[in-house]
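Hydrogens, waters and symmetry mates are skipped; everything else that's a heavy atom, side chains included, is used. Treat the numbers as computed from the prediction; the structure is a model and nothing was measured.
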Amino acid sequence: MNAHSQAHLISPALVTQKAVQRVPRWALLLFCAAYVIPGLLGRDPWKNEDIASFGQMWSLALGQASWLHPHVGGVPPTTGGVLPYWLGGAFIATLSPWVDPALAARLPFAMLLCAVLALTWYSAYHLARTDAAQPLRLAFGGEAKPQDYARAVADGALLALIASLGLLQLGHETTPELLQLLGSTLFLYSLAAVQTSAVRARASALGGLAIMAASGSPAVGAALGLVGVVVCMRSKQAHMRAHLPWIAAATALAVALASTLTATGLSGWAWRIDTDVSVKEIIQLMTWFAWPTLPLAGLTVWHWRRQISRRHIAVPLVTASVSMLACVIMGGNERALLTALPALAVLAAFALPILQRSLGSALDWFSVFFFTVCATAIWIYYAAMQTGAPKVIVANINKLVPGFAPHFSWLALAFAAIGTVLWLGLVRWRTARNAHALWKSLVLPAGGVALCWLLFMTLWLPLLDQAKSYRLLLSRMAPQMARGEMVCSPEAPVGLLTALEYFGGYSVNGEALSARKQARLCSALVLRVPAHTQSPQVAGWTKVAQYNQRTHNSEQIVIYRRASQANSQ
């Protein structure tokens, strides 16, 4: 091998054994628990995609829709395949009547989020064990041992994923995108673990792309399979070459599954191309959605550019690139970008061995400032909700969520206080400048995200639940419509149809029926009208009430009765 070839194999990482201490397992589990559990309990399904997906699941569990053709009030899901709705519907049906349907639907998706976190850790671990990923040997010894180095990199990848802002809300919804995220992470794991766990890698490839095809993202799944084929073909390693038929088979399986679903009238192939988006909007979305993983991933690609074809860089890079390209093609769709986050987190972890002290310090101090200010604001607003002072903040709350009634919970307050104390302890530990661990620069971003999510889901949960739930709106509509009534709501979103059924107890039909059929089937008509728009006149129907969903600037819900019925009242 000549000197030029050897130069391309030199690792930019210089890591001592002292720098690869592991995150204590209890601390890592605490991070994950603080991230996954808040928001699981004590809340309603939220607008818009969350409650729409829940409605499809609930309809299946009640037997109101065929398991092969999910729908709410006759309106099928426009995206998402069938697998997510089967999963949620099965849990609701199995746990009924002991567990609230909304909680039962969330449980499997919380498990999926846990699986994504675990798979990201193992993907980074296996990639960091490869020869090309190892740090340079030190002249006098003391370099990091391969297994310890891999564990430290994997800890950094998990912290980077938790710190990703884009995963925060979308990762806690009961939507098809979480299954798509699992599918893409399984595929990432399959290419990462092929050398040490060939059987698991093969099963992950087959399962990952099939999950994506059955959960509304077959095109992205097929694209991942194609780039995986290219990576395996270009690899000189025997185990990667042996993995090539399995990646090809997984791709063929995903294509066949999506085609079968489409042929049977289910949600299979779906092209959502939208070019009406500017480069500036794309950059803004990726900047905040993938913070801080994207800049760190860019740093990795630059410093490891001579090894860009090596598996520890190529695999997460091509996986993330497919999802980012899908985001652009879909007009800056943030849900398409979600599947890039695990791969970006793995790439970001490989920036840690070469991260300059000044950049690490900048990231630390930004995190301390930003998340401390955010947490302080949450506490101040919470105090204003409970005490009624200062008046300015209370007025802002009432403006955003009219009629909000504060609710006090000792349990929520206790968890919020514990989380805040732990954050202060974490800040003190990190700013003491006695940490040598490789993952140290990602502790504060991950801890800050977990803290703010915990505070939002404890101190602010009643406020957020009232602002993002349909429950209050339906309670205001109740005097105008008796429970059990048949309600027509043509062109209404699935979320509103679900709310009418779940919170109001009405039977709904959201199809575009003829005027005669509407009058025959339904005793009430509910229309959604944009804000500041005159409610329409509907032949044969009389308007009896009109409500704003939240504020005067939010959309309006208008209730109509048949003209003869309204006159008799």
Side-chain angles (χ1 to χ4, degrees), residues 9-29 31-32 115-138 141-163 185-201 204 231 235 237 239-240 243 293 296-297 299-301 303-304 307-317 319-320 342-355 360 435-443 446:
L9 298 180
I10 295 176
S11 169
L14 191 66
V15 184
T16 64
Q17 181 63 26
K18 189 177 182 180
V20 294
Q21 63 188 76
R22 299 170 60 184
V23 179
R25 295 302 95 176
W26 65 266
L28 206 59
L29 291 175
F31 264 115
C32 294
V116 168
L117 296 175
L119 286 168
T120 301
W121 191 96
Y122 280 105
S123 297
Y125 175 79
H126 286 296
L127 290 174
R129 288 294 303 271
T130 60
D131 293 337
Q134 293 301 307
L136 285 172
R137 292 185 178 275
L138 302 179
E143 67 274 1
K145 296 178 181 178
Q147 186 172 4
D148 294 335
Y149 172 71
R151 285 175 175 169
V153 170
D155 290 345
L158 179 57
L159 292 173
L161 183 60
I162 292 175
T185 314
L186 277 170
F187 182 77
L188 173 68
Y189 172 80
S190 75
L191 292 175
V194 61
Q195 184 173 355
T196 53
S197 305
V199 174
R200 292 179 183 176
S204 297
V231 169
S235 176
Q237 298 175 323
H239 50 268
M240 289 295 286
H243 197 50
T293 56
L296 290 175
L299 193 64
T300 295
V301 173
H303 282 278
W304 292 84
Q307 292 86 6
I308 200 166
S309 62
R310 310 294 284 190
R311 184 154 55 98
H312 68 290
I313 302 298
V315 166
L317 179 60
T319 303
L344 288 175
V346 173
L347 274 178
F350 283 105
L352 299 178
I354 45 88
L355 191 65
H436 303 279
L438 197 65
W439 37 262
K440 60 184 182 296
S441 296
L442 286 171
V443 167

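Residue G360 comes nearest to L355 through the heavy atom pair CA-CD2, 3.9 Å, listed as atom of the first residue, atom of the second, then distance. Across all their heavy atoms, P353 and A349 have their closest contact at CD-O, 3.5 Å. Counting all heavy atoms, side chain and backbone alike, L442 lies closest to A160 at CD1-CB, 3.8 Å. Nearest heavy-atom pair across A154 and A124 is CA-CB, 3.8 Å.
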Step-by-step side-chain contact (heavy atoms from CB on, under 4.5 Å) determination, L117 to L158: CA-CA 6 Å; L117 296 175; L158 179 57; 3.7 Å; yes
Residues T319, V346; criterion side-chain contact (heavy atoms from CB on, under 4.5 Å); working and verdict: CA-CA 11 Å; T319 303; V346 173; over 6 Å; no
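Residue F31 places its CZ atom among more than 12 non-hydrogen atoms of other residues, nucleotides or ligands, all under 6.0 Å distant.
Annotation: side-chain contact (heavy atoms from CB on, under 4.5 Å) contacts of A297 (sequence neighbours excluded): L344, L347. Residues satisfying the side-chain contact (heavy atoms from CB on, under 4.5 Å) criterion with L29, sequence neighbours excluded, are absent altogether. Under the side-chain contact (heavy atoms from CB on, under 4.5 Å) criterion, A150 pairs with Y125, A128, R129, not counting sequence neighbours. Annotation: side chain to side chain donor-acceptor pair (under 3.5 Å) contacts of Q237 (sequence neighbours excluded): H239. D131 meets the side-chain contact (heavy atoms from CB on, under 4.5 Å) test with no other residue; sequence neighbours excluded.
Pairs of residues two or more places apart, or lying in two chains, that qualify as salt bridge (charged side-chain N to carboxylate O under 4.0 Å, His left out) and include a residue from residues 151-160 are R25-D155.
Residues F350 and P316 are not in side-chain contact: their nearest non-hydrogen atoms beyond the backbone lie 4.5 Å or more apart. Within the 4.5 Å cutoff, side-chain heavy atoms of I354 are placed close to those of L299. Under the 4.5 Å side-chain criterion, counting only non-hydrogen atoms from C-beta, T293 is not in contact with L161. In this structure the side chain of V116 reaches within 4.5 angstrom of the side chain of T120, judged on heavy atoms.
Distance OG1/T300 to CG/L352: 7.5 Å, rounded to 0.5 Å. Atom CG of residue L119 and atom OG of residue S204 lie 7.0 Å apart, to the nearest 0.5 angstrom. A distance of 15.0 Å separates CZ in R310 from CG in L317, rounded to the nearest 0.5 Å.
Proximity of a side-chain donor or acceptor of W439 to a complementary backbone N or O of A157 within less than 3.5 Å is not detected.
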Distance-only donor-acceptor pairs under 3.5 Å for side chains of residues 188-201, two or more places apart:
{"from": "S190", "atom 1": "OG", "to": "F187", "atom 2": "O", "distance (Å)": "2.6"}
{"from": "Q195", "atom 1": "OE1", "to": "R311", "atom 2": "NH2", "distance (Å)": "2.9"}
{"from": "T196", "atom 1": "OG1", "to": "H126", "atom 2": "ND1", "distance (Å)": "2.9"}

